[in-house]
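Structure record follows, encoded as structure tokens.
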Amino acid sequence: DEHRSRREPHECPLEEVVVVPLMSHLGDMASGDLAASAGNPLFETQTVTEHAHSPTAGGKVIGVVALRSSDPSRSTREHDTALLRLMGRQGGFSIDTTLLQLRLEEEAREQERLKAREQQLQRYLSADVAKAVLDHHESTLGARRADVSILFMDVRSFTAWSADRAPGEVVDTLNEVFSALTPCVFRQQGTLDKYLGDGLMAIFGAPVAYTDHALRAVRAAREMEAAMNDLRKGWAARKGEELPEMGIRIHSGVVAAGSIGSEERVEYTAIGAVVNLAARVCGAAGGSEILITRETLDGLRG
């Protein structure tokens, strides 16, 4: 046993191991300009080859490449080490390329999500308000108390007018009315809360706050009045009959505003006594009239 223990060390095969770093250059790139990465000289094969002999040629060590030789009669030559360094840099290049591709794909998916979200927001927000919401989503769409002006519009006697008409004609007429009036809301940075059968509700001052929300609401109402008059004239010229008039009422005050709904569907809206009062004065505004409350008038004066 004693003789065997003295011989065992000599019986173990000798191994030569050469280790070189596996290099990555992702950290050398500008984080905000992934599209320019392909033109980065650090990623050109020629540069990798030229730097293969230099163990200090920049980058970050993300692993190692090892060469093991158990043949004691052959020692690692210099060109083996150079080749190993080249493999380390090319391996890092391959990893960088894969990571960049994955990052670019994720960025493209995120851009698609943002575009879809922006298109959805622009269905009830003006383009600049939609952008503000996208830039500051949590702070703008979260529930909060907001000082706003609420505008209600409805087409007077539309139910009676549409009673004897085909459903398609009724829907087409409402679409024509809303297509003419909705841009008036957006031009004053208002939010289209919802369509209400033959009417609509709009909010001025939320989700993006404006101190002159009362003025914006009144301006939108005046634009809607002009647009509706033009629409009625065109309708009469085409069809030889009158399109019903509309009435508008505006009330101002503090509401609870935010995204309300379920996991399947969420809408931005406002709730509170101010909204209820604005809705209740519906019948007080006659055809082709704009009715504002004292609170809105105070907002215009302020």
Side-chain angles (χ1 to χ4, degrees), residues 114-137 139-142 144 146-155 171-232 234-235 243 245-253 255 257-261 265-271 274-275 278-279 282 285 288-292 296 299-300:
L114 289 175
K115 184 177 180 180
R117 177 63 172 160
E118 183 176 6
Q119 291 174 343
Q120 179 185 11
L121 288 173
Q122 287 183 356
R123 295 177 67 88
Y124 61 94
L125 298 174
S126 62
D128 54 345
V129 174
K131 183 179 185 305
V133 170
L134 288 173
D135 291 342
H136 309 284
H137 181 270
S139 61
T140 53
L141 293 185
R144 65 183 179 91
D147 189 10
V148 302
S149 290
I150 304 294
L151 180 151
F152 277 92
M153 181 284 300
D154 68 351
V155 181
V171 171
D172 290 343
T173 301
L174 284 176
N175 286 338
E176 189 174 357
V177 170
F178 292 142
S179 295
L181 302 186
T182 301
C184 302
V185 175
F186 290 164
R187 279 194 290 270
Q188 296 301 323
Q189 288 72 52
T191 299
L192 177 63
D193 185 294
K194 58 180 68 73
Y195 293 116
L196 303 164
D198 57 4
L200 62 80
M201 170 184 167
I203 308 170
F204 296 82
V208 177
Y210 298 107
T211 57
D212 61 344
H213 53 80
L215 178 60
R216 292 175 184 270
V218 172
R219 284 176 174 170
R222 296 295 300 272
E223 289 187 25
M224 293 168 72
E225 181 182 43
M228 188 64 174
N229 288 338
D230 290 342
L231 182 62
R232 296 182 71 243
W235 180 278
L243 185 67
E245 298 176 319
M246 70 171 184
I248 298 177
R249 55 273 181 207
I250 304 170
H251 181 45
S252 303
V255 301
S259 296
I260 297 176
R265 179 179 175 84
V266 177
E267 291 184 349
Y268 187 87
T269 189
I271 58 176
V274 170
V275 180
C282 174
S288 296
E289 288 185 350
I290 301 173
L291 174 65
I292 66 173
T296 301
L300 296 175

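Proximity of Met224 to Met153: side-chain heavy atoms (C-beta onward) are separated by under 4.5 Å at one or more points. Between Trp235 and Glu176 the shortest side-chain heavy-atom distance falls below 4.5 Å.
Rounding to the nearest 0.5 angstrom, the gap separating the CD1 atom in Ile292 from the CZ atom in Arg249 is 14.5 Å. Of the inter-residue distances, the one linking Ile203 atom CD1 with Gln189 atom CD reads 15.0 Å to the nearest 0.5 angstrom.
Smallest separation of non-hydrogen atoms from Ala221 and Leu151: CB-CD1, 4.0 Å. The minimum heavy-atom distance between His251 and Val274, with the atom names listed, is CD2-O, 3.3 Å. Here the closest heavy-atom approach between residue Asp198 and residue Phe178 is recorded as C-CZ, 4.1 Å. In this structure, Ala270 and Asp193 approach most closely via the heavy-atom pair N-OD2, 3.5 Å. Smallest separation of non-hydrogen atoms from Ile271 and Val255: O-CB, 3.6 Å. What you find for Ile290 and Glu225 is that their closest heavy atoms are CD1-OE1, 4.0 Å.
For the pair Arg219 and Asp212, the salt-bridge criterion is not met [side-chain N within less than 4.0 Å of a carboxylate O].
Formation of a donor-acceptor pair under 3.5 Å by the Thr296 side chain with backbone atoms of Ser252 is found in this model.
You'll find the ring centres of Tyr210 and Phe204 outside the 6.0 Å limit.
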Discussion item. Applying side-chain contact (heavy atoms from CB on, under 4.5 Å) to Thr191 and Phe186, what does each step give before you reach the verdict?
Written reply: CA-CA 7 Å; Thr191 299; Phe186 290 164; over 6 Å; no

